[in-house]
S.K.: 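One structure follows; several queries about it will come next.
Throughout, residue positions are numbered sequentially from 1 according to the sequence presented.
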Amino acid sequence: MQNPIKALAGWVAGAIVDKISEPFEAINKRLNRLEKLHEQDAAALECDLSMMDDRICYLIGVCRRRGYTTADERRRVTRMHDAYRARGGNHGEENEYAVFLTLPTEEDFERTKGA
């Protein structure tokens, strides 16, 4: 038969160990959730960047085929381009954007067409 004092001391020691390890388990669970969120955030960022790159290049292509851009298109493309770069885009559309900036505005295009 076990000594009741030793049994009680063992129970108290076990309870203390359980209470100490409980916060560590909670922290580990939170860290695992944060790691998953970080992975999802990286995937969402890549998705955002690829859609922005596609949209920028599409709008620039439309303007290049037409031969000019409007002030609103220039504003929107520049805004997307700046956001794309700020989010860490790979600058794949830099050359396209540089050409886009050289396109005349609609008004200038019409003026030279009529001349």
Side-chain angles (χ1 to χ4, degrees):
M1 184 173 237
Q2 188 178 16
N3 182 338
I5 294 176
K6 281 186 176 181
L8 179 62
W11 179 83
V12 169
I16 289 171
V17 167
D18 287 346
K19 285 294 177 189
I20 289 173
S21 66
E22 188 176 294
F24 291 114
E25 290 171 8
I27 289 169
N28 281 336
K29 285 180 184 177
R30 285 186 183 152
L31 285 174
N32 288 338
R33 277 189 295 224
L34 285 174
E35 286 174 357
K36 286 186 182 201
L37 286 173
H38 180 70
E39 289 170 8
Q40 292 170 352
D41 187 52
L45 173 61
E46 184 57 35
C47 184
D48 290 347
L49 289 173
S50 66
M51 286 190 300
M52 287 176 73
D53 182 48
D54 180 66
R55 183 69 179 158
I56 291 166
C57 290
Y58 173 78
L59 285 174
I60 290 172
V62 167
C63 295
R64 286 181 72 180
R65 282 188 295 281
R66 193 175 55 209
Y68 64 86
T69 184
T70 65
D72 186 52
E73 289 166 338
R74 181 149 301 155
R75 179 191 58 80
R76 288 186 293 140
V77 169
T78 298
R79 184 174 177 213
M80 283 189 291
H81 172 75
D82 292 346
Y84 177 80
R85 292 191 71 197
R87 296 270 297 174
N90 64 4
H91 313 296
E93 88 313 339
E94 287 291 328
N95 293 333
E96 290 292 315
Y97 184 70
V99 171
F100 172 73
L101 291 177
T102 66
L103 289 174
T105 62
E106 184 177 15
E107 295 81 13
D108 291 339
F109 181 78
E110 292 298 326
R111 212 173 300 130
T112 58
K113 196 168 109 176

S.K.: Using a 4.5 Å cut-off on heavy atoms from C-beta on, say whether the side chain of Glu96 contacts that of Ile56.
M.R.: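 No, too far: nothing below the 4.5 Å cut-off.
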
S.K.: Given the rule in the side-chain contact (heavy atoms from CB on, under 4.5 Å) test, do Thr69 and Phe109 qualify, once you have shown the distances and angles that lead to the verdict?
M.R.: CA-CA 9 Å; Thr69 184; Phe109 181 78; over 6 Å; no

S.K.: Quick one: list whatever passes side chain to side chain contact (heavy atoms under 4.5 Å, CB included) with Arg55, sequence neighbours left out.
M.R.: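 For Arg55 the side chain to side chain contact (heavy atoms under 4.5 Å, CB included) partners, ignoring immediate neighbours, are Tyr58, Leu59, Arg76, Met80.
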
S.K.: Under a 4.0 Å N-O cut-off, is there an ion pair linking Asp82 with Arg85?
M.R.: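 The answer is no: the pair does not qualify as a salt bridge.
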
S.K.: Could you tell me the separation between the OH atom of Tyr68 and the CG atom of Asp108, rounded to the nearest 0.5 Å?
M.R.: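 Going from the OH atom of Tyr68 to the CG atom of Asp108 covers 12.5 Å.
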
S.K.: Quick check with a 6.0 Å cut-off and a 45 degree axis cone: is Arg74 positioned over the face of Phe100's six-membered ring?
M.R.: yes

S.K.: So His81 and Glu94, side-chain contact (heavy atoms from CB on, under 4.5 Å) or not? Walk me through it.
M.R.: CA-CA 9 Å; His81 172 75; Glu94 287 291 328; 3.2 Å; yes

S.K.: Look up atom CG in Leu103 and atom CD in Glu73, then write down how far apart they are to the nearest 0.5 Å.
M.R.: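 So the gap between those two atoms works out to 9.5 Å.
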
S.K.: Any side-chain heavy atom of Val99 within less than 4.5 Å of one from Ile60?
M.R.: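 No, their side chains stay 4.5 Å or more apart.
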
S.K.: Salt bridge check: are Arg66 and Glu106 linked by an N-O gap of less than 4.0 Å?
M.R.: no

S.K.: With sequence neighbours left out, write down each residue that passes side chain to side chain contact (heavy atoms under 4.5 Å, CB included) with Asp54, or none if nothing qualifies.
M.R.: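 Asp54 satisfies side chain to side chain contact (heavy atoms under 4.5 Å, CB included) with no residue once adjacent residues are dropped.
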
S.K.: Other residues, nucleotides and ligands only: do more than 12 of their heavy atoms fall within 6.0 Å of CG on Asp72?
M.R.: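 Check passes, neighbour count above 12.
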
S.K.: Can you sort out the partners of Arg87 under side chain to side chain contact (heavy atoms under 4.5 Å, CB included), two or more places apart, ordered by chain and number?
M.R.: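 Result, side chain to side chain contact (heavy atoms under 4.5 Å, CB included) vs Arg87: Leu45, Asp48, Leu49.
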
S.K.: Measure from the side-chain N and O atoms of Glu110 to the backbone N and O of Glu107, and report whether any donor-acceptor pair falls under 3.5 Å.
M.R.: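 Such a contact is absent between Glu110 side chain and Glu107 backbone.
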
S.K.: Which is it for Val62 and Arg65 under the side-chain contact (heavy atoms from CB on, under 4.5 Å) test, yes or no, and what are the steps along the way?
M.R.: CA-CA 5 Å; Val62 167; Arg65 282 188 295 281; 3.7 Å; yes

